[in-house]
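Following: one structure in C-alpha cells, then a few remarks.
Within every chain, numbering begins at 1; the chains are lettered A, B, ... in the order of the sequence lines, protein sequences first and strands thereafter.
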Protein chains: 2
Amino acid sequence: MKIQELAVKMGLSVHTIRFYEKEGLFDSRHVQREKNNYRNYSDEAVERLQMIKKFQGLGCSLAELKEIFQDHDTNTKTHQQIIDWIEQKKAEIEQKKAEYDQVLETLEWMIAYRKLLMTDPQKAETLFKARTSVSPH
Amino acid sequence: MKIQELAVKMGLSVHTIRFYEKEGLFDSRHVQREKNNYRNYSDEAVERLQMIKKFQGLGCSLAELKEIFQDHDTNTKTHQQIIDWIEQKKAEIEQKKAEYDQVLETLEWMIAYRKLLMTDPQKAETLFKARTSVSPH
DNA sequence: GCTTGCTTTAGAGTTCACTCTATAGTTTAT
DNA sequence: ATAAACTATAGAGTGAACTCTAAAGCAAGC
C-alpha cells in the first residue's frame, strides 16, 4: 500500500505519516521500501496507526507511544512490565471518566441555573448562593 | 490575594496566570490593581481558574473559553444560546466517555493476551488471531 | 540601610504535533 | 512523449500553551 492510500484510509495526511515514521513509531514490519524508494505499507501499519490514534486520544504523547512500542517491539520490557503499564493506563482512564462525570454534574447545574434565570431569577439567585464553586455564574 | 498566593493555591505558575490574563480570561471581577500596581486577585479568580481547568480537561482551547466567558460576561449571548453550548459540551463528554469505554476494552484484551502469552503461548496465538484489530503489532 | 524576595513589563524561547514548501525523481494516462 | 499525479528529501513555518529572561521597582526581615 502506498503512502497516499494509507493516508486516505486512515484520515491522515501523507506528511503526518512520514512524520510519525521520523518519530520512530514504525519499524520494518510496517514499512518497507520498493526498488524506486517508495514506501510500501503493510496492514500492520494500519493497525499501528489505529493504536496511535486510540492512545493519543487518552493523552499519550508520541514520545510515550514510541517508548512503549519500542519496548514492545524489542522485548526490552518483561510481560509483567507491559501489563503494569497497561493497568496504569486503565486507572488513568477510570480517573478521567470520573472527572467527566463531575463535569457533567457541573454542566447540569449550569443548565438548571440558566433555565431558572429565565423563569424565576429570584430562585436562581438562591440556587447560585447554594452552589459549591461549580459554575462560571 | 497576590499572584504567588493564587499560583500556589491553584498549582499554576505566576507566568501562567499572567498569560491567562493577557489572553483575556479575566476581567475586573477577578483582578484589580493596588496603588503599587501589584495585581490583587479575588475569590472569583479562583473560581474562574477552576472553570478553566475543568473545561481545558474537556479539550476546550483557551480561545474557546475566552469566547464563552466574554459572551457570558457581557451578555452577548442569550440564555438559550449558552444552554445550547452547554448541552453540546455535554454531548461531547458523553461521546468521550463512550470512547474511553472502548479503549478500556482494548486494554482488557491486551492484558488478557499478555497474561496468556506467559502461561499458554499457543492459546495466546489463537486469541491474537481472533482479535478485531485492537492490540499493538 | 541592605539584602532577599516579591512584583512589574516586554519580549524571547520552548515543546508538541503537525503542516507546508521547494526541489527533484517516478509512474500513469492520454 | 508529455503532462498530471504521485513519490522522495530536507528543512522551514505554524499555532497552542506555556515558560523563561532581563531589567526594573517595591516590600519585608534583620
- [ ] Take B:Lys96 and A:Glu99 through the salt bridge (Lys or Arg N to Asp or Glu O under 4.0 Å) test and state the conclusion after the steps.
- [x] CA-CA 12 Å; B:Lys96 257 289 185 193; A:Glu99 273 170 41; over 6 Å; no

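Across all non-hydrogen atoms, the minimal contact from A:Thr16 to A:Ser13 is OG1-OG, 2.9 Å.
In this entry the distance linking CG of B:Leu62 with P of D:dA16 reads 9 Å, nearest Å. Taking atom CZ of B:Phe19 as the reference point, atom C1' of D:dC20 lies 13 Å away to the nearest angstrom. When the P atom of C:dT8 is taken as reference, atom NE2 of B:His15 falls 11 Å away, rounded to whole Å. The CG-P distance, from B:Asn37 to C:dT8, rounds to 7 Å in whole Å. One interatomic measurement links the two molecules: CG of A:Leu6 to P of D:dT7, which rounds to 10 Å at whole-angstrom precision. As a whole-Å value, the separation of B:Lys22 NZ from C:dT8 P is 13 Å. We find that CG of B:Leu25 is positioned 11 Å from C1' of D:dA17, with the value rounded to whole Å. Regarding A:Glu21, its CD atom lies at a distance of 14 Å from the C1' atom of D:dA10, rounded to whole Å.
Proximity of A:Arg18 to the phosphate of D:dA8: a side-chain N or O atom is located under 4.0 Å from OP1 or OP2. Remark: B:Gln4 is in phosphate contact with C:dT7, judged by side-chain N or O atoms under 4.0 Å from OP1 or OP2. Distances shown here put every side-chain N or O of A:Arg33 at or beyond 4.0 Å from the OP1 or OP2 atom of C:dT26. Residue A:Tyr20 has no polar side-chain atom (N or O) positioned under 4.0 Å from OP1 or OP2 of C:dA17. Proximity of A:Gln56 to the phosphate of C:dC18: a side-chain N or O atom is located under 4.0 Å from OP1 or OP2. OP1 and OP2 of D:dG25 both lie 4.0 Å or more from every side-chain N or O belonging to B:Asn36.
Checked against the 6.0 Å centroid criterion, the rings of B:Tyr100 and A:Tyr100 qualify as a close aromatic pair.
Judged by closest nucleotide on DNA chain D, B:Ser61 is the one of B:Ser61 and B:Lys2 placed further toward the 5' end. Along DNA chain C, the nucleotide nearest B:Val14 and the nucleotide nearest A:Ser13 are compared for position; the residue whose nucleotide lies closer to the 5' end is B:Val14.
Between the side chains of B:Asn40 and B:Gln32, no donor-acceptor pair is found at a separation under 3.5 Å. A donor atom on one side chain and an acceptor atom on the other are found under 3.5 Å apart for A:Gln80 and A:Asp84.
When distances are taken from the side chain of B:Arg39 to each of C:dT9, D:dC18, D:dC20, the shortest belongs to C:dT9.
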